[in-house]
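We use all heavy atoms of the structure for the numbers below, so side chains are in, but hydrogens, waters and symmetry mates are not. Proteins get letters first, then strands, A, B, ... in listed order; numbering begins at 1 in each.
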Amino acid sequence: MDCCCRVRRPKLVITLFSLFLMKGLKTNQIIVNTFLKCLCYAKRTDKAVNVLLHRMSELGCVPNAFSYNIVLKSFCDYSMSQRALELLQMIAEEGGGCFPDVVAYNTVIHGLFMEGETGKACNLFHEMVQQDVAPSVVTYISIIDALCKARAMEKTELVLWQMVANGAHPDTMTYSCMINGYSTSGRLKEATKLLREMTGRGLIPDIVTCNSFLASLCKLGRSKEAAEFFESMTAKGHKTGYRLIPHFASWVCYRRMLC
DNA sequence: TTAGGGTTAG
């Protein structure tokens, strides 16, 4: 079933699962969760909700955190984060012993941010803390990314500070979000500082992050610095300690500098 | 052996 889903044949999975039941074979949580995933992939999220809330218990399988999270993610992927929020609140109230975990909260918080429901996303973040579910790096990245896109860099710094204080260490993706946020805001001094900070911690920026920074340098007409940065990011040296293979976007910037 | 969450460039 999982293989059929991976090769984008969800209808085949539905047939397989029907056959499975007809044969009288005993299901387990992993089998039904794989079926849920395929239903969601086939854009049949409502059918998945029905299986989750009614059919699973009839089949002798109690939904677990994976079951709920597969359906929550599907709602969010199809821009129905409000329905995801309602399902999450239902699990919290009557989940039958299965309470929403950090992945459930992260999924819905990210979905709400993606649909511009900033207030609801922030409320849910506070709710998860009240419920003693510790936010992870993924939670903070969703918030940081939303704040960066809103160009609210001061608030982003506060969240980063809170993240570190709570023991969630910024990873490469956290730095990438912030560097891109500063770059697109034209605040290259701060972006440079973060680039240095992350490499100092042994985290290597990826080519897209570097391109974002490079593009901002070019847009601001700082050609000399852009040329120096291009040289340093593409040639392994004592300054950076890493070497990246330029993408087409890098060369576009480089050509612009030459022109 | 098999199930769930995150970003960015031209």
>> When you measure from the side-chain N and O atoms of Lys219(A) to the phosphate of dG10(B), is any distance below 4.0 Å, counting only OP1 and OP2?
In response: yes
> With a 4.0 Å cut-off on heavy atoms, is Asn28(A) in touch with a base, just the backbone sugar-phosphate, or nothing at all?
Replying inline: nothing
> For Ile207(A), which residues count as a side chain to side chain contact (heavy atoms under 4.5 Å, CB included) partner, sequence neighbours excluded?
Replying inline: Asn211(A), Met233(A), Leu244(A), His247(A), Ser250(A)
> Does Lys37(A) make a side-chain N or O approach to OP1 or OP2 of dT2(B) shorter than 4.0 Å?
Replying inline: no
Side chains of residues 140-149 of chain A: which donor-acceptor partners sit under 3.5 Å, not counting sequence neighbours?
residue, atom, partner, partner atom, Å
Tyr140(A), OH, Asn166(A), ND2, 2.8
Asp145(A), OD2, Lys149(A), NZ, 2.8

> Hey, does Thr209(A) reach any base, or is it just sugar-phosphate, or nothing, if we go heavy atoms under 4.0 Å?
Replying inline: base
> Asp145(A) side chain: which of dA9(B), dT8(B), dA3(B) is closest?
Replying inline: dT8(B)
> Between Thr107(A) and Val103(A), is there a donor-acceptor pair closer than 3.5 Å when you use the side chain of the first and the backbone of the second?
Replying inline: yes
> Reckon Ser216(A) touches a base, only the sugar-phosphate, or nothing at all at heavy-atom distances under 4.0 Å?
Replying inline: nothing
Only distances under 3.5 Å count here; give the side-chain donor-acceptor pairs of residues 117-127 of chain A to other protein atoms, sequence neighbours excluded, each with its distance to 0.1 Å.
residue, atom, partner, partner atom, Å
Lys120(A), NZ, Gln82(A), OE1, 2.6
Asn123(A), ND2, Gly119(A), O, 3.4
His126(A), ND1, Cys122(A), O, 3.1

> Among residues 163-173 of chain A, which residues get a heavy atom nearer than 4.0 Å to DNA chain B?
Replying inline: Asp171(A), Met173(A)
With a 3.5 Å cut-off and sequence neighbours excluded, list the donor-acceptor pairs that the side chains of residues 216-223 of chain A form with protein atoms.
residue, atom, partner, partner atom, Å
Ser216(A), OG, Ser183(A), O, 2.9
Ser216(A), OG, Ser212(A), O, 3.1
Arg222(A), NE, Glu225(A), OE1, 3.4
Arg222(A), NE, Glu225(A), OE2, 3.0
Arg222(A), NH2, Glu225(A), OE1, 2.8

> By side chain to side chain contact (heavy atoms under 4.5 Å, CB included), which residues pair with Ser79(A), not counting sequence neighbours?
Replying inline: Glu115(A)
> Checking all strands, does Asn180(A) fall into the base, sugar-phosphate, or nothing category for heavy-atom contacts under 4.0 angstrom?
Replying inline: sugar-phosphate
